[in-house]
Amino acid sequence: VRLVVTGARGRLGRAFCGAVPAHHEVVPLGRDELDVGDHDAVMRGIAALAPDAIVHLAAYTDVDGCERDPDRAFRDNAAGAHHVALAARACGAAILHLSTDYVFDGTKGTPYDEADVPSPISTYGRAKALAERLVRETAPEHVIVRSGFLFGSGTDHLSIQVQRVRSGGTGVGIADRVGTPTYVRDLAERLLPLLLARRWGTYHLAGPEATTWLDVLMRCRALGDLPGEVEPQRAVDVGLVAPRPSFSALTSVLVRSTPVPPFPSLDDALARFLAGA
Ligand SMILES: NC(=O)c1ccc[n+]([C@@H]2O[C@H](COP(=O)([O-])OP(=O)(O)OC[C@H]3O[C@@H](n4cnc5c(N)ncnc54)[C@H](OP(=O)(O)O)[C@@H]3O)[C@@H](O)[C@H]2O)c1
């Protein structure tokens, strides 16, 4: 199939483009090539590429930045997704749209599945929840994937902290926020099989264990025999601008009826991450 990928230079975008088997054709678009917030550019640019499917990974992902600049959050994340969905419909292409565990408020206390109703508490979460709705209402052939707590891209929180602990320094991890840590490569490998299955709808794709970044960093230190120290942080002491759910772990009641394979255990993912594989 011929795939157009937005946000292709981002963390997930790079992993996704690297995971697509060679017999498919990929047109990777960074922000310089296509600003998804520009309606006319999206309609013109995507029609000219005549894709079979669009993998929409572009987003303004700075959660605190979104809180400070809601105009940009809604432009890039909600209007942007709407434009890409309109372009998909206009050229008869399917769309895979990436969403987030931050569409939930964190009060459930057990992992969120696809039957749970979004109730975002941040501007980023509100913009992403609106994006989901716009994609759903606009493009009949859509797959919406919610994920969260991505690691292993080289520039994410865990990658940076592991680098510190590996070089003998002190890494920090929040001890009182729970999510489902998800190795970016494991997520990237599952997106195309889900899209090609043509089971249109909303799915949760995330690692299999609910835990904290502190626990993940301590496991990395043990698994990799890393020389540095690990210190716990409390979310309230980090002083972040945007509110975040204290519990945003994801599970799925739908993925098991698709051809998408289950995620490997967290320790398996961490071992591959530490080995650079
Ligand atoms: N990282 C996570 O833990 C996580 C969790 C759940 C869901 N997600 C979702 O996964 C998707 C990919 O995220 P990621 O982690 O790969 O984030 P990322 O590394 O920030 O990548 C997003 C990319 O989108 C680009 N972009 C921003 N605004 C744009 C615009 N108006 N037009 C075109 N491109 C634009 C960014 O370019 P610039 O760098 O130039 O701004 C960046 O290259 C997003 O939809 C995000 O909401 C991520």
Side-chain angles (χ1 to χ4, degrees), residues 7 9-19 57 59-67 98 100-102 106 111 122 124 146-191 204-251 262-277:
R9 320 261 182 260
R11 291 168 289 190
L12 181 57
R14 278 180 277 122
F16 175 77
C17 291
L57 307 178
Y60 180 35
T61 58
D62 176 347
V63 177
D64 297 305
C66 285
E67 210 62 30
L98 236 296
T100 168
D101 53 342
Y102 283 8
S122 65
Y124 172 74
R146 296 194 189 116
S147 193
F149 275 51
L150 300 190
F151 68 85
S153 63
T155 55
D156 55 89
H157 170 78
L158 185 68
S159 297
I160 292 164
Q161 299 307 318
V162 162
Q163 203 40 50
R164 284 191 191 162
V165 182
R166 205 193 284 277
S167 57
T170 300
V172 291
I174 292 182
D176 55 357
R177 274 186 26 223
V178 173
T180 24
T182 304
Y183 188 26
V184 68
R185 291 192 189 188
D186 290 340
L187 174 61
E189 281 170 7
R190 282 162 177 74
L191 297 181
H204 291 183
L205 285 183
E209 282 180 56
T211 189
T212 65
W213 283 126
L214 176 67
D215 175 47
V216 175
L217 188 56
M218 288 187 343
R219 288 201 215 185
C220 286
R221 189 177 60 157
L223 281 166
D225 202 15
L226 307 181
E229 297 298 320
V230 173
E231 272 182 10
Q233 283 180 312
R234 288 190 316 160
V236 68
D237 296 331
V238 182
L240 299 170
V241 177
R244 279 133 167 109
S246 57
F247 185 101
S248 60
L250 299 175
T251 187
F263 279 78
S265 72
L266 179 56
D267 282 344
D268 181 283
L270 291 176
R272 284 179 288 122
F273 159 57
L274 290 167

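Values below: every heavy atom of this structure, side chains too, minus hydrogens, waters and symmetry copies. Quantities reported herein were computed from a predicted structural model and do not represent experimental measurements.
Between Tyr183 and Phe151, the ring planes are parallel. Angles under 30° get that label, and only those over 60° would be called perpendicular.
For the atom pair CG of Leu274 and CZ of Arg166, the computed distance is 6.0 Å after rounding to the nearest 0.5 Å. To the nearest 0.5 Å, the span separating CZ on Phe273 from CG on Leu223 amounts to 11.0 Å. Atoms CD and CG, from Gln163 and Leu226 in turn, are 9.5 Å apart once rounded to the nearest 0.5 Å. Put simply, CG on Leu217 and CD on Gln161 are 6.5 Å apart, with the number rounded to the nearest 0.5 Å.
Using a 4.5 Å heavy-atom threshold, the side chains of Thr180 and Phe263 count as separate. Using a 4.5 Å heavy-atom cutoff, the side chains of Asp215 and Glu209 are not in contact. Put simply, the side chain of Leu191 reaches to within 4.5 Å of the side chain of Leu98, judged on heavy atoms. Side-chain atoms of Leu266 and Arg219, non-hydrogen and from C-beta on, do get closer than 4.5 Å to each other. At a threshold of 4.5 Å between non-hydrogen side-chain atoms, the residues Ser248 and Arg177 do not count as touching. Side-chain atoms of Asp186 and Arg272, non-hydrogen and from C-beta on, do get closer than 4.5 Å to each other. Looking only at side-chain heavy atoms (C-beta outward), Tyr124 and Tyr60 stay at 4.5 Å or farther from each other.
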task: For Arg14 and Val184, run side chain to side chain contact (heavy atoms under 4.5 Å, CB included): C-alpha distance rounded to whole Å, both residues' side-chain angles, the deciding distance at 0.1 Å, then the answer.
output: CA-CA 10 Å; Arg14 278 180 277 122; Val184 68; over 6 Å; no
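Minimum heavy-atom separation, Arg190 to Pro262: NH2-O, 2.8 Å. The minimum heavy-atom distance between Arg185 and Gly276, with the atom names listed, is NH2-O, 3.7 Å. Heavy atoms only, all atoms of each residue included: Ser159 and Ser153 are closest at OG-N, 3.7 Å. Looking at every heavy atom in both residues, Gly148 comes nearest to Thr182 through O-OG1, 3.2 Å. Considering all non-hydrogen atoms of both residues, Pro208 and Ser265 come closest at CG-CA, 3.9 Å. Here the closest heavy-atom approach between residue Gly13 and residue Leu57 is recorded as CA-CD1, 3.6 Å.
Between the Asp176 side chain and the Arg234 main chain, no donor and acceptor come within less than 3.5 Å of each other. Between the side chain of Arg146 and the backbone N or O of Tyr102, no donor-acceptor pair lies under 3.5 Å. A donor-acceptor contact shorter than 3.5 Å is absent between the side chain of Thr170 and the backbone of Glu229. Side-chain atoms of Asp64 come within 3.5 Å of backbone N or O of Val241 as a donor-acceptor pair. Side-chain atoms of Glu231 do not come within 3.5 Å of backbone N or O of Val172 as any donor-acceptor pair.
Residues Arg244 and Asp101 are not paired through a salt bridge, judged by the lack of any N-O separation under 4.0 Å between the basic side chain and the carboxylate.
The one candidate from Val238, Leu214, Thr212 that meets the side chain to side chain contact (heavy atoms under 4.5 Å, CB included) condition with Ile174 is Val238. The side chain to side chain contact (heavy atoms under 4.5 Å, CB included) test with Cys220 is passed by exactly one of Asp267, Val230, Val165, Leu158: Leu158.
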